[in-house]
2 protein chains.
Amino acid sequence: MAAEKRGDGTVGKALDVLNEVAEIGSPVRFSSLLKTSKYPKATLYRLLQTLLNQNMLSYNDEEQTYKLGLKLVRMAHAAWLQSSLAPIALPFIDKLSDKVGETVHLAQLDNGQVLYVDKRNPSSPIEMYSQAGKVGPAYCTGVGKAMMAFLDEDALSRVISKQAFFKYTDFTITSEKELRKELSLIKKQGIAFDKQEHEVKIICISSPILSSKGRVIGGLSITSSIDIHSLESLQEFKPQLLKTSELIGKEAGAWNFPEQNN
Amino acid sequence: MAAEKRGDGTVGKALDVLNEVAEIGSPVRFSSLLKTSKYPKATLYRLLQTLLNQNMLSYNDEEQTYKLGLKLVRMAHAAWLQSSLAPIALPFIDKLSDKVGETVHLAQLDNGQVLYVDKRNPSSPIEMYSQAGKVGPAYCTGVGKAMMAFLDEDALSRVISKQAFFKYTDFTITSEKELRKELSLIKKQGIAFDKQEHEVKIICISSPILSSKGRVIGGLSITSSIDIHSLESLQEFKPQLLKTSELIGKEAGAWNFPEQNN
DNA sequence: AATCCTATTTCCAAATAATGGAACTAAGTT
DNA sequence: AACTTAGTTCCATTATTTGGAAATAGGATT
């Protein structure tokens, strides 16, 4: 499951181990890592030591466990500032969230997945899965589908090949064929809906953020729950959502935001 | 300025380069990096390629610039979840921010600096420097001083040795002697104030978060502006601030939060 | 369109670092 | 005391990294 690039020598291996620790998501012991690791004991050990030295991992003496280090939190802030749409989109998202009084998400495609790079909660937030930095599936979220719909065929097939098509809810799209049909509809309408495809009761309306050259650079969504909104009432946000996406796209152009993600 | 650990071989060098890119804070060209880098051209080039491969960096073809990659944003989310006090402290901070109606910061010490790991804005936020993931100086912020005051001498002198003592404002403490005096006062009072020491007009009241064994694991602050509050009126938040810090400390104990930072 | 930059990329033999099987230590268990 | 399991160190072998230099790419200038 872990991304495994060959030809990156030791650095690749070290980052591989870092990823493993990240994916486990809780403090891990050496022996536990060893079981699933493709590296021999001594090698794994040394890689861990190096990462510790570099503060990419931290070690709990008592528990003898490794976990991700604070260095990553620092770096990520810098990454977020310079590599995500978030700082550019910030004022626009604030405004949109204020106006519509619902949760707003800003996302980008990263390696076939939806990476949420920012989120605005209205005063009374609904309980939900997402957080800035969190990743989600592309094929069954509003932002994911909105972004996919506007990719060129090349990029699209690369992204589709990475979809798991796991059936989260009764409404989840679970085949490429269905998905492609949905995407062409979305492209026509300029807008995507999440009809409880990822989480029960959670719906959203979403639009892609396009660069001046028409390339997908991100996605924007307004999310709510069926207890509060219907798809029809979400539809009413369409003009504001599109307008905001357009403004962010323009601003990103001025900032020379890169157009390349897959 | 960049941390340079020896004996970490290639991995250390690669992370070194990554740090350099992070510290520059904006997209950089190869030649620009080369000027300040301690690595020869071919080496630097290959390190950058490796980092690109690993999605730790991204490259803008048109501009020929490197910047931090989204992979870092993803990893950091995991790091934040498993390595920071933030997820543990979340409900307590929400509640505190609600009650006092002012900005609340949660911070940890990382390498002699204050790392903000969470932040709550009241409905009408004041314009301010901080964000989750951002770092700040320890010697002239409320949380920084609060945490330092409760370190043991060993850890304290290590942290103090890393302070820059740059005079941000007329009120900034600029010598170890002054600082130590202030810290002993803070320890007596159990509470620290930032008296516009880092930013003009910005003041805060802050307390350390201590583990059950009395070790510093974080800091908590309520921040405002002199346009709204005086130090005296901030003082009124003291009981709530202390109570919240205590609760977070207890909760962290239950979660076996590590006590080790410097 | 030929020349001269300057920035980036590739090459390859020498230098260095990583590897991993095995041995060792430490801390429990029976 | 013998045994188990987990973590750490050793070191000759192997593989990767290194970096000076040369090649290439893409402007800018004559």
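Every chain is numbered from 1 and lettered A, B, ... according to where its sequence line falls, protein lines coming before strand lines. The figures here come from the full heavy-atom set of this structure, side chains too, leaving out hydrogens, waters and symmetry mates.
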Interatomic distance where [atom1] belongs to [X] and [atom2] belongs to [N] [whole Å]:
X: F30(A); N: dT8(D); atom1: CZ; atom2: P; result: 7 Å
X: L44(B); N: dA21(D); atom1: CG; atom2: P; result: 18 Å
X: N53(A); N: dA17(C); atom1: CG; atom2: P; result: 15 Å
X: N60(A); N: dA6(D); atom1: CG; atom2: C1'; result: 16 Å
X: L34(A); N: dA6(D); atom1: CG; atom2: C1'; result: 10 Å
X: Q49(B); N: dT17(D); atom1: CD; atom2: C1'; result: 15 Å
X: Y59(B); N: dT9(C); atom1: OH; atom2: C1'; result: 10 Å
X: L48(B); N: dT17(D); atom1: CG; atom2: P; result: 15 Å

All N/O donor-acceptor pairs, side-chain side in residues 30-37 of chain B, below 3.5 Å, sequence neighbours left out:
residue : atom : partner : partner atom : Å
T36(B)  : OG1  : L33(B)  : O            : 3.3
S37(B)  : OG   : Y39(B)  : N            : 3.0

Does any N or O in the side chain of Q163(A) come within less than 3.5 Å of the main-chain N or O of G112(A), such that one atom is a donor and the other an acceptor?
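Judged by distance alone, yes, a pair lies under 3.5 Å.
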Salt bridge (Lys or Arg N to Asp or Glu O under 4.0 Å): which pairs involve residues 82-94 of chain B, sequence neighbours left out?
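Checked against salt bridge (Lys or Arg N to Asp or Glu O under 4.0 Å) - neighbours excluded - the pairs reaching residues 82-94 of chain B are D94(B)-R120(B).
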What salt bridge (Lys or Arg N to Asp or Glu O under 4.0 Å) pairs are there with at least one residue in residues 72-88 of chain A, not counting sequence neighbours?
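Pairs touching residues 72-88 of chain A that pass the test: R74(A)-D110(B).
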Nearest listed nucleotide, side chain of Y66(B), among dT9(C), dA7(C), dT8(D):
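That would be dT9(C).
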Using atom names, set out every protein N or O paired with an N or O of nucleotides 19-23 of chain C below 3.5 Å, distance rounded to 0.1 Å.
residue : atom : partner : partner atom : Å
dT19(C) : OP1  : K13(A)  : NZ           : 2.8
dG20(C) : OP2  : T43(A)  : OG1          : 3.0
dG20(C) : N7   : R46(A)  : NH2          : 2.9

Can you name the salt bridge (Lys or Arg N to Asp or Glu O under 4.0 Å) partners of R29(A), sequence neighbours left out?
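Applying salt bridge (Lys or Arg N to Asp or Glu O under 4.0 Å) to R29(A) gives none.
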What pairs with F166(B) under ring pair (Phe, Tyr, Trp, His ring centres under 6.0 Å), at least two apart in sequence or on another chain?
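With neighbours one apart ignored, the set is Y168(B).
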Please round to 10 degrees the angle between the axis of the first five pairs and the axis of the last five pairs in the helix from dA1(C)-dT30(D) to dT30(C)-dA1(D).
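Roughly 20°, once rounded to the nearest ten degrees.
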Looking at S31(A), I'd like to know whether one of its side-chain N or O atoms comes within less than 4.0 Å of OP1 or OP2 on dG7(D).
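Looking at the OP1 and OP2 atoms of dG7(D), one of them is under 4.0 Å from a side-chain N or O of S31(A).
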Below 4.0 Å: OP1/OP2 of dT9(C) and any side-chain N or O of Y45(B):
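Looking at the OP1 and OP2 atoms of dT9(C), one of them is under 4.0 Å from a side-chain N or O of Y45(B).
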Side chain to side chain contact (heavy atoms under 4.5 Å, CB included) with T244(A): which residues, sequence neighbours excluded?
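By the side chain to side chain contact (heavy atoms under 4.5 Å, CB included) rule, T244(A) matches F92(A), L96(A), L220(A), I248(A).
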Any residue meeting side chain to side chain contact (heavy atoms under 4.5 Å, CB included) with A146(B), in chain and number order, not counting sequence neighbours
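Scan of A146(B) (side chain to side chain contact (heavy atoms under 4.5 Å, CB included), adjacent residues dropped) gives A192(B), S206(B), P208(B).
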Would K162(A) and N111(A) satisfy side-chain hydrogen bond (donor to acceptor under 3.5 Å, both in side chains), going step by step from the backbone distance to the final call?
CA-CA 8 Å; K162(A) 288 176 184 161; N111(A) 230 308; 3.3 Å; yes
